There are 2 protein chains.
Amino acid sequence: MSGRGTRSDRAVATQQSILAAAEQLFAEHGVANVSNRQIGLAAGQGNNTAVSYHFGSRSGLIRAIVRAHTEQIESIRLRMVEQAEGSTATRDWVACMVEPFALHLADLGVPSWFARFSAQVMSDPSHREAVARESLNSPSLTRAVEEVHRCLPDLPEEIRLERQDMTRQLMIHMIAEREDALANGRPTSRGSWHRAAAGLTDAVTGLWSAPVSTGASDMVPEGAVTGGP
Amino acid sequence: MSGRGTRSDRAVATQQSILAAAEQLFAEHGVANVSNRQIGLAAGQGNNTAVSYHFGSRSGLIRAIVRAHTEQIESIRLRMVEQAEGSTATRDWVACMVEPFALHLADLGVPSWFARFSAQVMSDPSHREAVARESLNSPSLTRAVEEVHRCLPDLPEEIRLERQDMTRQLMIHMIAEREDALANGRPTSRGSWHRAAAGLTDAVTGLWSAPVSTGASDMVPEGAVTGGP
DNA sequence: AGCGAATTAAGTCAAGCGCATGACTTAGTT
DNA sequence: AACTAAGTCATGCGCTTGACTTAATTCGCT
């Protein structure tokens with residue numbers, strides 16, 4: 001609806017200050033605890049209709065925030081996928097799934113808000129779906145997932161989907177937690193986003209490599225089945 | 001002050017119908033999207049101040065919901081810890097960390113709301129901390145964590161804490177996702193909560209068992225994209 | 001130079017919110 | 001039977017919110 005690229009600079013500038021203000025307020029106070037008025041005000045707009053004027057609806061605003069970041073994340077992932085080309089190591093492709101998000105935050109600097117925003121939106125029933133579509137339709141991500149499957153051909157389809165979900169949840173919420181620590185001056189476990197991403201990749205790789213236990217003992221685990229490590 | 005457990009039967013019944021109504025509404029529409037008025041109304045109270053009368057504040061209500069479930073989860077976990085006694089298998093103790101939550105939901109039947117409620121509260125900056133204290137001060141959980149550490153003595157402290165966080169995030173959000181699927185009639189990956197718990201335990205055990213990569217290869221995708229506009 | 005659409009400002013409005021208050025209902029005590 | 005107090009109800013107040021209206025301003029285009 002609103003002029004995408006071809007309108008005045010003023011409108012574009014306003015839209016971006018609204019995006020920035022919304023992202024920050026959402027991350028710090030919770031998506032549902034921030035009104036459109038507050039966002040417009042924080043963006044320096046005198047009008048209480050600024051958000052609805054520029055983004056139509058609240059979910060339009062949220063989708064716009066996601067889109068603004070998704071492009072850059074996608075470009076990072078594309079580069080990583082190219083570098084991983086030909087590899088048969090699970091870890092390389094897991095890294096392609098998980099690390100671009102973290103490295104994007106490294107680019108953003110401190111403080112950032114996008115990870116906390118994402119974590120909230122993903123667990124809010126009213127917005128999760130809209131954003132999931134926006135964010136998961138990534139060609140490079142699909143590619144990385146396929147390659148991970150190729151590295152682990154014995155995994156049943158059911159388990160694959162399950163562990164894909166786990167990967168997504170872990171990525172989003174762990175990164176959000178670290179962002180929160182950074183933004184609030186709490187000590188962080190790893191020295192940099194790059195190292196944090198490595199830790200995440202380690203763990204997720206282990207997650208994918210875990211043996212699938214047979215459902216033999218259907219009682220409460222007295223002596224749980226297959227060995228772990 | 002007042003709020004004793006056994007004033008009159010009527011009050012206790014009212015409190016519990018408020019708890020039930022709040023839990024359901026919170027899970028379905030988001031914690032911040034439901035007003036105290038709506039909760040009281042849904043609980044069959046003609047008064048709009050019922051919530052504040054019985055629970056003081058909104059965070060009092062939320063803590064009460066958590067407490068109501070935590071006790072039962074704790075008792076399940078205690079039983080599992082007893083059964084795992086003496087084991088040196090990582091998987092047994094990971095199961096003690098992760099499965100009681102899932103098995104509690106099995107007890108609740110379908111539909112349930114507590115998992116979705118928990119996931120939301122945990123990612124809402126205004127309530128996360130209050131609930132984390134309530135929920136993580138569990139002796140049996142602490143015990144399970146210690147035993148996992150004993151099974152993996154070579155893991156650096158830093159990595160332990162990191163993977164403990166991961167375990168928590170994975171448990172809460174995966175269980176919430178399955179609850180959501182069950183409640184909305186979507187197909188679920190595993191046939192029962194018990195099997196779902198096994199899958200979760202498999203993955204988390206793999207996560208803990210993953211090797212820790214040395215930070216040797218520092219081949220970051222250099223020069224990621226430049227910052228903002 | 002100035003017309004016209006896009007953008008911003010200013011203000012109104014009904015609805016909904018939490019909170020405070022006082023009256024009513026009910027159960028238990030004496 | 002009178003008294004007390006917990007619980008419930010009905011109502012009003014001050015405030016915020018999103019939607020809406022109207023006027024002023026900006027800026028691209030001719």
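Each chain gets a letter, A, B and so on, in the order the sequences are listed, and its residues count up from 1. Note that the coordinates shown come from a computational prediction; the quantities given were computed from them, not determined experimentally.
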Nearest-angstrom distance from the residue atom CZ of A:Arg37 to C1' of C:dC13: 11 Å
So, is A:Tyr53 close to the C:dT8 phosphate, meaning a side-chain N or O under 4.0 Å from OP1 or OP2? no
Would you please confirm or rule out a distance under 4.0 Å between OP1 or OP2 of C:dC19 and any side-chain N or O of B:Ser52? no
Which whole-number value in Å describes the distance from A:Asn36 CG to D:dT17 C1'? 9 Å
Looking only at side-chain N and O atoms, does B:Glu158 offer a donor or acceptor that is under 3.5 Å from a partner on A:Ser189? no
Note: A:Pro187 and A:Ala181 closest approach over all heavy atoms is O-CB, 4.2 Å
Ignoring backbone atoms, establish whether A:Gln15 has a side-chain N or O less than 4.0 Å from OP1 or OP2 of C:dT7. no
Roughly how many Å is it from NE2 in A:His54 to P in C:dA9, rounded to a whole number? 9 Å
Looking at every non-hydrogen atom in both residues, tell me the closest pair between A:Leu108 and A:Phe114 and how far apart they are. CD1-CB, 4.3 Å
Please examine the side chains of B:Asp165 and A:Met174, heavy atoms only from C-beta on, and report whether any two atoms are closer than 4.5 Å. yes
Show each protein N/O and nucleotides 20-24 of chain C N/O combination with a separation under 3.5 Å, one pair to a line.
none

Rounding to a whole Å, what distance do you find between A:Gln38:CD and D:dC15:P? 16 Å
Answer yes when A:Arg143 and A:Glu147 have at least one side-chain N-carboxylate O distance shorter than 4.0 Å, and no when they do not. yes
Donor-acceptor pair, B:Gln45 side chain versus B:Ala50 backbone, under 3.5 Å? no
Protein-nucleotide distance (A:Asn33, atom CG; C:dG18, atom P), rounded to Å: 12 Å
Send over the distance from A:Gln45 CD to D:dT26 C1', rounded to a whole Å. 13 Å
May I have the distance from B:Phe55 (atom CZ) to D:dT8 (atom C1'), rounded to whole angstrom? 15 Å
Taking atom C1' of D:dT17 as reference, at what distance in whole Å does atom NE2 of A:His29 sit? 17 Å
Tell me whether A:Gln24 contacts the main-chain N or O of A:Trp113 through its side chain, where contact means a donor paired with an acceptor under 3.5 Å. no
